[in-house]
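Structure record follows, encoded as structure tokens.
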Amino acid sequence: MAPLAVAGSKAGGFGFLAAGFNLTNLDADLAEAASLLESADIHGPEGVLPIGVGFQNWGSDLKLAVAAIQKHPPAAAWFFAPRRLSDLLPWAKEIRAATGGRTKIWVQVGSVGQALEVAKTTKPDVLVLQGNDAGGHALAHSASVISLVPEVVDALALEWLRIPVIAAGGISEGRGVAAALTLGASGVAMGTRFLACKEATIAKGYQDEVLRVRDGGVSTVRSKVYDVLRGILDWPKAYDGRGVANRSYLDAQSGMSEDENRELYKEEMQRGDEGWGAEGRMTTYAGTGIGLVREVKSAEEIIKEISTDAMLALKKTVGRYSEKHVVFGKPPG
Ligand SMILES: Cc1cc2nc3c(=O)[nH]c(=O)nc-3n(C[C@H](O)[C@H](O)[C@H](O)COP(=O)(O)O)c2cc1C
């Protein structure tokens, strides 16, 4: 995972290393990132690695996190899915203390209520607003970024809470970035697009599936079944995961028992890359933007292309809006 995070930051984005909930490898992953970054020409804040680390707080060990972060402080720590939002307070306090505030705190939330509570209590440096289209885990009940972002921006402004927001969920290319910026986001976080990235360390079967699937609103589903199959049963109740609807999902829908489904999943694991696909059973966590992901590219190519396309989309929109104004607005003079 370190190579992808490093490649993202080298290309002018800001790469996050996914620590997940099992932090036993975090120390080694950060050391690998530090070594990859030694020769990198990145201008960022002094004394921190120019990458972030993402935690799933519901299952992570804060002591392990602090120990690893003290050795190799990252520029940001990303929090997600605590059991209670108040659980984030010791995380923010101890990580800030461990690095003298050099490691900035990002929190990913999925509703206006969560955003306001976190803004007032944890006081993060950045809020990531995760909409319902997002790949992987998210609140089972949530809005898409199209309404979530502006409502949160307004709610924060009303309370004089000045925290930049980042939009996440369903954004796979430049037009989505342009839309997110228009909604009031300062930037975007993308997961699904980077599954089809040269530096992503995922199975070929998974990556092929990301390229194959279209029409993400229909071909992906939010479900808890993929956690059940893999025996990851401790996620907070409000969360489920978005992935491509496959045979396991359809069988669960038709009433197959969890035990039988899990056994079939285990057998499927033996088939390697053949286990993915609409009739396969391997999990393809991905967002609704999957249909826009058509090619494997390097992190640098993806970030450059998306930045250029976002600028073009914004310019086109302004152009089109002005034309309409002339056509439908008051005639000049
Ligand atoms: C395969 C996959 C794994 C993810 N794992 C995590 C995770 O460990 N922690 C986290 O905070 N978010 C995770 N996410 C969600 C992202 O933070 C983000 O909300 C999402 O990728 C944005 O939507 P998109 O996938 O449509 O770009 C994951 C997303 C995907 C696709």
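Counting starts at 1 for both ligands and their atoms, following the listed order. In what follows, every heavy atom counts, from backbone to side chain, and hydrogens, waters and symmetry copies are set aside.
Using a 4.0 Å threshold on non-hydrogen atoms, atom 15 (C) of ligand 1 counts as touching the protein. Taking a distance limit of 4.0 Å, we find that atom 4 (C) of ligand 1 is approached by no protein heavy atom.
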- Go through Lys204 and Asp208 one step at a time and tell me if the salt bridge (Lys or Arg N to Asp or Glu O under 4.0 Å) criterion holds. CA-CA 6 Å; Lys204 184 171 182 313; Asp208 288 348; 2.8 Å; yes

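Within the 4.0 Å heavy-atom criterion, the part of Gln56 lying near ligand 1 is the side chain and not the backbone. Proximity of Ala18 to ligand 1, defined as any heavy-atom pair under 4.0 Å, is not found for any part of the residue. Here Phe21 has no heavy atoms under 4.0 Å from ligand 1, in either its backbone or its side chain.
Nearest non-hydrogen protein atom to atom 12 (N) of ligand 1 is Gln108 NE2, 3.7 Å.
Using 4.0 Å as the threshold, Phe16 has no heavy atom nearer than that to any atom of ligand 1. Within the structure, ligand 1 lacks Gly289 among the residues with a heavy atom less than 4.0 angstrom away. At least one heavy atom of Trp78 sits closer than 4.0 Å to an atom of ligand 1.
Taking the six-membered ring where the residue is Trp, the centroids of Tyr226 and Tyr265 are separated by 6.0 Å or more. For Phe21 and Trp58, the ring centers sit closer than 6.0 Å to each other.
At least one side-chain heavy atom of Glu301 sits less than 4.5 Å from a side-chain heavy atom of Lys198.
Ring planes of Phe16 and Phe14: perpendicular class, angle over 60° (limits at 30 and 60°).
Contact detail for Ala299 and Gly8: the closest heavy-atom pair is CB-N, 4.1 Å.
Residues Asp227 and His137 have side chains that bring a donor and an acceptor to within less than 3.5 angstrom of each other.
The closest non-hydrogen atom to atom 28 (C) of ligand 1, taken over Ala81, Gly216, Gly135, Ala19, comes from Gly135.
Shown in contact with Gly169 at under 4.0 Å from a heavy atom are these atoms of ligand 1, numbered in order with element: 22 (C), 23 (O), 26 (O). Every atom of ligand 1 is numbered from 1 in the order shown, and the set under 4.0 Å from a heavy atom of Thr192 is 24 (P), 25 (O), 26 (O), 27 (O), 31 (C).
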